[in-house]
Amino acid sequence: MDIRQRTVINQRSSAFFKSKGISVKLKRVKVDGSVFIKGMSVLCFLIAWHVAVVTDVMWPLQFGNLPTPVAVLTEWVELFGQSTYYMDIMISSYRVLLGIILAFFLAVPIGLGMGLSRNASNLFMVNMEMFRPIPLIAYLPIVMLLFSTIESSIIFITFLGAFFPLLISTRDAARRIPVQFVHASRNLGCSRVPSLIRVYLPAMAPEIFTGFSVGIGASWMGVITGEMMSGQTGIGYTTWQAYHLLDYSQSIIGMFTIGLLGSSYSGIIRCVEKVMIRWK
Amino acid sequence: MYIDIQQACKTFQSGSDDTIEALKDITLSVSQGEFISLIGPSGCGKSTLLKMIAGIERPDQGTVCFEGKEVSDLSPERGYIFQDYALFPWLTVRQNIQFGLRHKGKSRKEQKLIAEEYIEKFKLTGADHLFPYQLSGGMKQRTAIARALCLKPGLLLMDEPFAALDTILRYKLQEELLRIWGLEQVTVLMVTHDIEESIYLSDRIIVMSSRPGFVKKELSIPLERPRMRTEPEFMRLREQLTQLLREEIEV
Ligand SMILES: Nc1ncnc2c1ncn2[C@@H]1O[C@H](COP(=O)(O)OP(=O)(O)O)[C@@H](O)[C@H]1O
Ligand SMILES: [Mg+2]
């Protein structure tokens, strides 16, 4: 076969595979009224809220105490122009980020060890099962005593929130690695230590990401709890503080901001997962 | 001898005090460059024997030697093609093929060149950037064989490599395997349960008994290649092997 012939065939087959690849990746975008329904449901919620406030409903819940959605939204729009709002968001996000990074570098090696070695598993098991079910808020008093600054104790709480989900998912993933991957890797000359990076870690990656999604949710709850209880900065602190200052619009804005940030973090994790795990 | 197995036995623990005697007194020699098929009823220990040669399993008694040394661990010297190919799903075809080259002390440039050579040799050009889940059965198998062969093993061990494929593809890949065998000068040891396939491909067929497996008969295939599945000698061998296997299943 001469070179020209071969390149023609190569081009043809690569074109074939490209078209195949694209058809795999193409997502069907549904616009069949689902956007409309979603929009309507948000609108209904806002109208119901407005009506409940304006008509001063006091039973079974005291909606009459709340500001109207219009008042809240106006104040929110004003807030968008103020740097303190963004500062709060940045500070809380920074705490979550730091906590989850610390958790990753601690939980993945320990989880891997626990998954691969019975001794390591026994070593950590009892302590883990004792500390894992404790709600984050219950750690606070002792954490406050242990850490010299409030900042470090809040970061520790966010670390804890991500640590256990990551640990458990890494451990279980390590136990589930198909034995033929390990054999194949050794058969190709990759010994045990390099295979931790080249085989174990990528094989576990999807489950580690699941741990991340759960972990970042817990971390977020942790940071808000910490800030509400003891902080002087952050979106959790501001939300709680607003209640004491009788600025209820601010509390509601804080609530919604916390919710939106929480779901955008999950979104970011999902995006990173999509980019990194293209092989599913 | 290239591969020398002396009185190898293997018993598995099944449950607390139940045991399965999988292999009993296997004695078998293979010379360099031979194409050998292992055939026998299912559960007779063919996979176990192949895994012992690869170094995945160890014999309880007896010895398994490769190039004069006792087999103690997996090694790239003895390429093993897993029944489900065991391609790494997170690597593309090219990265899978390149996986082992790093551990052979090749430079990055050499790794790339060798991978490219094997991608072409195995007709995977154009599919090199695909992940295993995007491949057909035949492509997966070619990738798995390329991944093992680019490390220049002396021996290629394959566990029922064509079992999951339809007839036409099976014929095509059998041709391919013969072509590779001629090209790369490897010794091939293949497990199969397909009588015709074993006659078509091998220099020698090892017929195993039902459990516990031992070597029931060794059959040399004197036919010239390329072989015709319809020639009289082919048919006669097929009849003979069918008879041998039927005895085992009826026992
Ligand atoms: N790891 C194992 N543990 C227990 N029994 C096993 C194991 N591997 C194989 N066996 C048993 O050994 C026998 C031979 O198995 P195998 O070598 O897979 O047979 P074949 O490949 O010829 O079908 C079977 O009865 C099987 O159940
Ligand atoms: Mg088998």
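Chain letters run A, B, ... following the sequence lines, proteins first, then strands; residues in each count from 1. Since the model is a prediction, treat every value here as computed from it, not as a measurement.
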Quick one: what part of [X] sits under 4.5 Å from any heavy atom of chain B, side chain, backbone, both or neither?
| X | result |
| --- | --- |
| A/Pro194 | side chain |
| A/Val179 | neither |
| A/Ala205 | neither |

inquiry  = Could you check whether any side-chain heavy atom of B/Trp90 comes within less than 4.5 Å of a side-chain heavy atom of A/Val199, counting everything from C-beta outward?
reply    = yes
inquiry  = Could you check whether any side-chain heavy atom of B/Phe82 comes within less than 4.5 Å of a side-chain heavy atom of A/His183, counting everything from C-beta outward?
reply    = yes
More than 12 heavy atoms of other groups within 6.0 Å of [X] [atom1]:
| X | atom1 | value |
| --- | --- | --- |
| B/Met52 | CE | yes |
| B/Arg179 | CZ | yes |
| B/Glu67 | CD | yes |
| A/Met125 | CE | yes |
| B/Glu70 | CD | yes |
| B/Phe12 | CZ | yes |

[X] side, atom [atom1]; [Y] side, atom [atom2] - distance, nearest 0.5 Å:
| X | Y | atom1 | atom2 | answer |
| --- | --- | --- | --- | --- |
| B/Tyr80 | A/Arg186 | OH | CZ | 13.0 Å |
| A/Phe181 | B/Phe88 | CZ | CZ | 7.5 Å |
| B/His103 | A/Ser185 | NE2 | OG | 7.0 Å |

request  = Output the option from B/Ala86, B/Gly100, B/Pro89 having the highest count of non-hydrogen pairs under 4.5 Å with chain A.
outcome  = B/Pro89
request  = Over all heavy atoms of both residues, which pair between B/Arg78 and A/Asn187 is shortest? Give the atoms and the distance, please.
outcome  = O-ND2, 2.9 Å
task = Would you mind checking which part of B/Asp73 comes under 4.5 Å of any heavy atom in chain A, side chain (CB onward), backbone (N, CA, C, O), both or neither?
result = side chain
Toward chain A, the part of B/Leu101 with a non-hydrogen atom under 4.5 Å = neither
message = Distance to the ring centre below 6.0 angstrom and angle to the axis at most 45 degrees; does that hold for A/Arg198 and B/Phe99?
response = yes
